[in-house]
Asker: 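The structure under discussion is supplied below as structure tokens; questions concerning it will follow.
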Amino acid sequence: MTDPLTRQLVIGQPFCLDAVLEGAQDFRWRSWNGWHSGVLSGNLIHIRQIGHRVEYRADSDSDLDILLRRYFRLDDDIAAIHADLSSRDFKIASLVKKYPYLRILRQPDPWECTVSYICSALAKIPQISEKVEAIAKELGNKIKLDGDVRYTFPTPEVVLEVGPGPLKELKLGLKRDRKIMAAAKRIRAGKLNLCRMAQPQVCYAEAKRRLMGCDGIGDKIADCIALFALDKLEAFPVDTWVEKAMADYFFLCKKQPAGDELVMWAQDHFGKYAGYANQLLFHDQMD
DNA sequence: CGCCAGGGTAGAC
DNA sequence: GTCTACCATGGC
């Protein structure tokens with residue numbers, strides 16, 4: 001093992017790491033000794049912002065610049081996205097001004113994202129985080145950086161190999177253990193190819209349909225996975241918070257459509273970046 | 001103790 | 001299509 005490396009990533013656009021990670025829909029970031037500690041694609045990474053750059057430390061020789069640029073979606077023209085959303089809706093325009101640094105992340109492991117959102121049902125954010133971390137600690141590999149100890153997230157193969165016992169013992173609740181096993185089986189059977197679904201040639205509708213083919217994955221969880229890990233920016237996850245925000249801002253005097261109808265209304269109203277609008281509405285409710 | 005929480009499902013109308 | 005009970009655990 002080589003010594004840890006310290007590098008700096010040049011951002012080249014308005015960016016605030018603390019704001020990005022605070023609003024991030026990724027449950028694996030921790031504070032550690034003045035750094036943000038996270039596990040990305042099996043790498044333990046420490047990051048912090050220095051001026052207009054992001055400084056990071058990691059053990060890997062692999063090109064983490066590319067990984068982080070993809071993760072933070074620095075390839076998005078965020079100014080153009082904000083302009084497009086603002087021109088479509090007055091409320092969203094005000095939220096863009098209020099939270100200019102909020103971003104969607106492109107999570108590198110759609111399987112981890114899937115398990116995370118299966119864990120998210122009827123749970124608070126710290127509880128979701130604890131469940132995901134418990135799974136990693138139980139079945140992942142230990143990784144260290146400086147004095148920090150974390151765990152990689154186990155692949156579906158590992159989850160299948162150890163069988164249903166370990167997840168059951170974690171007492172995840174609401175049949176979450178069985179739902180995770182079921183999703184892993186669909187991946188093994190080739191019925192759920194998450195990596196292929198992350199490609200642009202697989203459209204949002206197909207990705208969502210395939211995700212919902214899993215027992216325990218409905219509209220909301222499918223939209224979360226599509227938005228945060230499968231690069232489908234028109235996805236619009238409707239949870240209790242977003243539903244309330246929509247009722248307050250857009251359906252005060254009208255009857256609010258339910259389920260899929262509301263998602264389609266949002267996609268028509270907000271356009272191809274509906275996911276960013278969703279992120280703004282959700283974050284504002286949390287705030 | 002009672003209540004509710006980033007959902008999903010099956011069974012009842 | 002819409003409503004309801006149920007699934008389980010932890011925090012308040």
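Below, chains carry the letters A, B, ... as their sequence lines are ordered, and counting in each starts from 1. This is a predicted model, so every value here is computed, not measured.
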Asker: Using whole Å, what does the distance between atom C1' of nucleotide B:dG6 and atom NZ of A:Lys220 come to?
Answerer: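 Between C1' of B:dG6 and NZ of A:Lys220: 4 Å.
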Asker: Using the C1' atoms only, state how far B:dA10 lies from C:dT9, rounded to an integer number of Å.
Answerer: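 To the nearest whole Å, 22 Å.
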Asker: Say you pick atom C1' in B:dG6 and the same atom in C:dC3; how far apart are they, in whole Å?
Answerer: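 Here B:dG6 and C:dC3 have their C1' atoms 22 Å from each other.
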Asker: Categorize A:Leu174 for me: base, sugar-phosphate, or nothing, with a 4.0 angstrom heavy-atom threshold over every strand shown.
Answerer: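 Base, at least one base heavy atom under 4.0 Å.
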Asker: Is the closest side-chain heavy-atom distance between A:Asp18 and A:Gln49 below 4.5 Å?
Answerer: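 When only atoms from C-beta onward are counted, A:Gln49 and A:Asp18 do not touch, as no gap falls below 4.5 Å.
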Asker: If you round to the nearest 0.5 Å, how far is CZ of A:Phe90 from OH of A:Tyr249?
Answerer: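 Output value for this atom pair is 12.5 Å.
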Asker: Got A:Leu194 and A:Leu192 here, is their nearest side-chain heavy-atom distance under 4.5 Å?
Answerer: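 SC-SC contact between A:Leu194 and A:Leu192 confirmed.
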Asker: Measure CD1/A:Ile125 against C1'/C:dG11 and give the value in whole Å, please.
Answerer: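 A:Ile125 atom CD1 is separated from C:dG11 atom C1' by 15 Å.
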Asker: Please report, rounded to the nearest Å, how far the C1' atom of C:dC7 is from the CD1 atom of A:Ile217.
Answerer: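 Atom CD1 in A:Ile217 sits about 17 Å away from atom C1' in C:dC7.
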Asker: When you get a sec, tell me which of B:dG7, B:dA5, C:dC7 is the closest nucleotide to the side chain of A:Lys175?
Answerer: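 Nearest to the side-chain atoms of A:Lys175, counting from C-beta on, is C:dC7.
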Asker: With the stacking rule set at 5.5 Å and 30°, tell me whether A:Tyr117 counts as stacking on B:dG6.
Answerer: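 Given the distance and angle limits, no, they do not stack.
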Asker: In this structure, how many angstroms lie between the P atom of B:dG6 and the CD atom of A:Gln25, rounded?
Answerer: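 Distance, rounded to whole Å: 13 Å.
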Asker: Which part of the nucleic acid does A:Ile128 contact within heavy-atom distance under 4.0 Å: base, sugar-phosphate only, or nothing?
Answerer: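 The answer is base, as A:Ile128 lies within the cut-off (heavy atoms under 4.0 Å) of a base atom.
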Asker: Starting from P on B:dA5, measure out to CE on A:Met286 and report it in whole angstrom.
Answerer: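 Going from CE in A:Met286 over to P in B:dA5 covers 11 Å.
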Asker: Nearest to the side chain of A:Lys179, heavy atoms from C-beta on, is which of B:dG8, B:dA5, C:dT9?
Answerer: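 Per side-chain heavy atoms of A:Lys179, the pick is B:dG8.
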Asker: Let me spell it out: for each of A:Arg178 and A:Glu130, pick the nucleotide of DNA chain C with the closest heavy atom. Which residue's pick is nearer the 5' end?
Answerer: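 Residue closer to the 5' terminus by nearest nucleotide: A:Arg178.
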Asker: Check the distance between B:dG6's P and A:Gln279's CD and give it to me in whole angstrom.
Answerer: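 Whole-Å distance recorded here is 16 Å.
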Asker: For A:Tyr273 and A:Phe236, I'd like to know if the aromatic rings sit close, meaning centre-to-centre distance below 6.0 Å.
Answerer: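 No, ring centres 6.0 Å or more apart.
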Asker: How many Å lie between CD on A:Glu169 and C1' on C:dA8, as a whole number?
Answerer: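 From A:Glu169 CD to C:dA8 C1': 17 Å.
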Asker: Just the rounded figure in Å: distance from C1' of B:dA5 to CD of A:Glu243.
Answerer: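 For the pair A:Glu243 CD and B:dA5 C1', the rounded distance is 15 Å.
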Asker: Establish, from distance only, whether the side-chain atoms of A:Arg28 and A:Ser116 form a donor-acceptor pair under 3.5 Å.
Answerer: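 A:Arg28 vs A:Ser116: no donor-acceptor pair found between side chains.
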